[in-house]
Asker: 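Before I ask anything, let me first share the structure, which is written out below as structure tokens.
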Amino acid sequence: MAWIVLVFSGLLETAWAVALDRSAGFSRPLPSAIFVVALVLSMAGLAYALRDIPVGTGYAVWVGIGAVGTALVGMLALNESSSLPRIACLLLVIAGVVGLKIFH
């Protein structure tokens, strides 16, 4: 259960990062509210997961999911560069996250 919550919390990290960008410095109410809710839920999920998963592994997996998710949203929906080197780097992050799970 802790791993499922951790993955969901990592996805929420993507949501709050994108909402933070869209909030335009907290000047837009809806993205600002989404940011706050997603941030709180993401942190609460991380805290829950860390009861059963070591902090080094849990935090690295959470950040990895959030970083890859945010970069993918940027590439697919926000017109950010999707060059081969960037994609290769994201694959390395994914490999690291999977490795941390496997060797947990």
Side-chain angles (χ1 to χ4, degrees):
M1 184 65 166
W3 283 101
I4 293 168
V5 171
L6 184 63
V7 169
F8 184 70
S9 295
L11 295 172
L12 283 170
E13 185 186 2
T14 296
W16 67 251
V18 173
L20 180 61
D21 174 63
R22 293 301 179 204
S23 76
F26 299 116
S27 64
R28 298 178 61 215
L30 182 59
S32 297
I34 292 170
F35 163 77
V36 170
V37 171
L39 178 67
V40 169
L41 292 174
S42 180
M43 290 293 173
L46 176 62
Y48 174 84
L50 292 181
R51 295 184 339 186
D52 295 324
I53 300 170
V55 67
T57 301
Y59 183 74
V61 169
W62 179 76
V63 168
I65 292 168
V68 169
T70 304
L72 287 174
V73 169
M75 287 182 211
L76 298 173
L78 304 177
N79 204 31
E80 294 179 6
S81 170
S82 58
S83 66
L84 189 57
R86 288 191 72 191
I87 293 169
C89 289
L90 288 178
L91 291 173
L92 289 171
V93 173
I94 293 167
V97 168
V98 169
L100 286 170
K101 168 61 173 118
I102 290 171
F103 299 114
H104 164 69

Asker: Under the 3.5 angstrom rule, does the side chain of Ser23 hit a backbone N or O of Arg28 as a donor-acceptor pair?
Answerer: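 Side chain of Ser23 to backbone of Arg28: no pair is present.
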Asker: Under the side chain to side chain contact (heavy atoms under 4.5 Å, CB included) rule, what do Leu20 and Phe26 come out as? Steps first, then yes or no, please.
Answerer: CA-CA 7 Å; Leu20 180 61; Phe26 299 116; 3.6 Å; yes
Asker: Is it the case that one hydrophobic cluster holds both Val63 and Leu12, taking links as side-chain heavy atoms less than 4.5 Å apart, direct or via other members?
Answerer: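 No, it is not one cluster - the side chains of Val63 and Leu12 are not joined through contacts under 4.5 Å.
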Asker: Apart from Val73 itself, what residues make up its hydrophobic cluster when side-chain heavy atoms of I, L, V, M, F, W and Y under 4.5 Å apart count as a link, directly or indirectly?
Answerer: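 Once heavy-atom contacts under 4.5 Å are chained together, Val73 belongs with Val18, Leu78.
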Asker: If every non-hydrogen atom of Leu72 is compared with every non-hydrogen atom of Leu90, which pair is closest and at what distance?
Answerer: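 The pair with the smallest heavy-atom distance is CD2-CD1, 4.1 Å.
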Asker: Quick check: is Val55 connected to Tyr48 through a chain of hydrophobic side chains (ILVMFWY, heavy atoms under 4.5 Å apart)?
Answerer: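 In one cluster with Tyr48: Val55, no.
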Asker: Find out if a path of hydrophobic residues (ILVMFWY) with successive side-chain heavy-atom gaps under 4.5 Å connects Ile34 to Leu39.
Answerer: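 In one cluster with Ile34: Leu39, no.
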Asker: Measure the spacing between OG1 of Thr57 and CZ of Phe103 and express it to the nearest 0.5 Å.
Answerer: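 Result: 12.0 Å between the selected atoms.
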Asker: If you round to the nearest 0.5 Å, how far is CG of Leu11 from CG of Leu6?
Answerer: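 If we round to the nearest 0.5 Å, Leu6:CG and Leu11:CG are 10.0 Å apart.
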Asker: Are Phe8 and Val98 linked, directly or through intermediate hydrophobic residues, by side-chain heavy-atom contacts shorter than 4.5 Å (ILVMFWY only)?
Answerer: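 As far as the 4.5 Å side-chain criterion goes, Phe8 and Val98 are not connected within one cluster.
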Asker: What do the steps show when you test His104 against Ile53 for side chain to side chain contact (heavy atoms under 4.5 Å, CB included), and what is the final call?
Answerer: CA-CA 8 Å; His104 164 69; Ile53 300 170; 4.3 Å; yes
Asker: Under 4.5 Å between side-chain heavy atoms, hopping through other hydrophobics if needed: is there a path connecting Ile94 to Ile102?
Answerer: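 Linked within one cluster.
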Asker: For a side chain to side chain contact (heavy atoms under 4.5 Å, CB included) check, start with the C-alpha distance between Met75 and Ile87, then their side-chain angles and the critical distance, and finish with the verdict.
Answerer: CA-CA 10 Å; Met75 287 182 211; Ile87 293 169; 4.3 Å; yes
Asker: So which atom in Leu41 and which in Ser9 form the shortest heavy-atom distance, rounded to 0.1 Å?
Answerer: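 Taking every non-hydrogen atom into account, O-OG, 4.3 Å.
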Asker: In terms of ring plane angle, is the pair Trp62 and Trp16 parallel, tilted or perpendicular, where the classes change at 30° and 60°?
Answerer: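 Rings of Trp62 and Trp16: tilted, 30 to 60°.
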Asker: Restricting to non-hydrogen atoms, name the atom on Leu46 and the atom on Gly58 that form the minimum distance, rounded to 0.1 Å.
Answerer: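 Closest approach of Leu46 to Gly58: CD1-O, 4.2 Å.
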Asker: So, for Ala17 and Thr70, which heavy atoms are closest and what is the spacing to 0.1 Å?
Answerer: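 So the minimum-distance heavy-atom pair works out to CB-OG1, 3.7 Å.
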Asker: Between Val97 and Ala60, which heavy-atom pair has the shortest distance, and what is it?
Answerer: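 Taking Val97 first and Ala60 second, the nearest heavy atoms are CG2-O, 4.4 Å.
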